[in-house]
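First comes the structure, then the notes that go with it.
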There are 2 protein chains.
Amino acid sequence: MPNMARSKKHIARREQLVDATMRAITERGRQNLRIRDIAAEAGISPGSVLYHYPELDELLFDVHRVVVERFYQRRVELVESHDDAARRMVAAIDTGLPEGRDDAVAKTLYEMHGLADRSSQHGALMTSLFDREVALYGTILEIGVAAGRFALTGPSRDIARTLVVLEDGFGLHLLSNTTSVDLTLARTLLARYAHQATGCELPI
Amino acid sequence: MPNMARSKKHIARREQLVDATMRAITERGRQNLRIRDIAAEAGISPGSVLYHYPELDELLFDVHRVVVERFYQRRVELVESHDDAARRMVAAIDTGLPEGRDDAVAKTLYEMHGLADRSSQHGALMTSLFDREVALYGTILEIGVAAGRFALTGPSRDIARTLVVLEDGFGLHLLSNTTSVDLTLARTLLARYAHQATGCELPI
DNA sequence: ACAGGATTTGACTTTGTGTTCAAGTTCATA
DNA sequence: TATGAACTTGAACACAAAGTCAAATCCTGT
């Protein structure tokens, strides 16, 4: 079964290339991305990149998909590692903001926004992430209400959407060079909004 | 005074090129921007573009500067065209969101975020816009309080910053293809937050 | 109307990048 | 270990776009 060989290594290389591309995008930005950068980051030759991904668009799409999945899964895991409603909210806020200028997942995610503009496939990915983030916050809110910790000032869905949009806005500024916005401010204002919307003091 | 000729036409051409570049960016995106696109949009030859802007970066920077200025000035004008605090707030919200997928000023503004990452000059422009937008909202809030129309739930500066970040987050999604977010939703949620923060019902 | 600098142009050169490919190498299986 | 498919490579190629420049044209002040 000679195809088994191809499959295994092929798949491994493709995963490796997705990671390499994430790093390359983090370092150079998507618009300056060259095949040789991906190749160098993966430690192989440019020709091999094309061998495993004849269509560069496919690689970029896989990167987007992986990054969306990692970002979301990490949030779910960290949120679910807490029982207390307030701590769950803080976990959601913390995992929703980029950790720094070198946060590869967050950086790549934002670089992908420029693609969503012209590609409905990328747009669909972004929408799926947005919807799941809203659902995540929605669940946190509802459970908090059920536990008697939160008293919402409006529909949970609206609060959840506002939180996600706020995160994205802060993310944009944190990854740009808007010096008026830093991580502490972002956490503080997000927590303040959450406090106001839930009536629950957050341990931030 | 033969230099007068140069000056006058030179300056006019540069302004014309800035406008042409805005349109080209709106149509093709910044990463696909070619000199020939700018030239075509301006109705001149590619060589002339380089004649007036030997450094493309300088052109891009001028575009950024102009777009920031237009965006902000338009907001100030429309806000100041109202006397009532609530209507001023609505005007601020409406001018802070992109009008559609073809809103050239807003589109260009967001395309520029990708530059701020690597260029401190562009970062400074973005920061200056952010700060002025915060100041604009801050003034609206303070005047509303003085007029007895608003009763703020927190520091006006924090509310103002939250409003600006919310706008930017919505802008990001509106200009991408996040189908879960549309202009109506953005206006509604922004108004709801403003209502909550000021205690004043908005005529939206 | 003329002189001379300012502007415009299109053809040419240069550069940087993606893409192809023949040849070599690795590797799983029989 | 022998075989052939999967993989890798670097050199050659193709191409698109920026940049250069000499010549033509326009413009303004005199």
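Just so we're on the same page: letters track the sequence lines, and every chain starts at 1. The analysis underlying the following values was restricted to heavy atoms, covering all of them including side chains, and did not include hydrogens, waters or symmetry mates.
Rounded to whole Å, the distance from CD1 on B:Ile38 to C1' on D:dA17 is 12 Å. Rounded to an integer number of Å, the gap from NE2 of A:His10 to C1' of C:dT26 is 17 Å. Whole-Å rounding puts the B:Leu17 CG to C:dT7 C1' distance at 13 Å. B:Gln16 has its CD atom 13 Å from the C1' atom of C:dT8, to the nearest Å. The NZ-P distance, from A:Lys9 to C:dT29, rounds to 13 Å in whole Å.
Not one side-chain nitrogen or oxygen of B:His52 sits closer than 4.0 Å to the OP1 or OP2 atom of C:dA6. Note on A:Arg13: a side-chain N or O is less than 4.0 Å away from OP1 or OP2 of D:dT8. Contact annotation: B:Ser48 reaches the phosphate of C:dT9 (side-chain N/O to OP1 or OP2, under 4.0 Å). OP1 or OP2 of C:dT7 lies within a sub-4.0 Å distance of a side-chain N or O belonging to B:Tyr51.
Aromatic pair A:His64/A:Phe61: centroids not less than 6.0 angstrom apart.
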_Residue pair A:Leu125, A:Met112: steps toward the side chain to side chain contact (heavy atoms under 4.5 Å, CB included) verdict_ = CA-CA 10 Å; A:Leu125 272 185; A:Met112 290 299 166; over 6 Å; no

*Take B:Glu69 and B:Arg132 through the test salt bridge (Lys or Arg N to Asp or Glu O under 4.0 Å) and record every step on the way to the result.*
CA-CA 10 Å; B:Glu69 232 51 50; B:Arg132 282 186 283 172; 2.7 Å; yes

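Between A:Glu27 and A:Arg23 there is no salt bridge, since no side-chain N of the basic residue sits under 4.0 Å from a carboxylate O of the acidic one.
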Compile the donor-acceptor pairs under 3.5 Å between side chains in residues 164-171 of chain A and protein atoms, sequence neighbours left out, one pair per line.
| from | atom 1 | to | atom 2 | distance (Å) |
| --- | --- | --- | --- | --- |
| A:Glu167 | OE1 | A:Arg75 | NH1 | 2.9 |
| A:Glu167 | OE1 | A:Arg75 | NH2 | 3.4 |
| A:Glu167 | OE2 | A:Arg75 | NH2 | 2.6 |
| A:Glu167 | OE2 | A:Tyr137 | OH | 2.3 |
| A:Asp168 | OD2 | B:His173 | NE2 | 2.5 |

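Every residue was checked against the side-chain hydrogen bond (donor to acceptor under 3.5 Å, both in side chains) condition with A:Arg30, not counting sequence neighbours, and none meets it.
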So which protein N/O to nucleotides 17-19 of chain C N/O distances come out below 3.5 Å?
| from | atom 1 | to | atom 2 | distance (Å) |
| --- | --- | --- | --- | --- |
| C:dT17 | OP2 | A:Arg34 | NH1 | 2.9 |
| C:dG18 | OP1 | A:Ile35 | N | 3.1 |
| C:dG18 | OP2 | A:Ile35 | N | 3.3 |

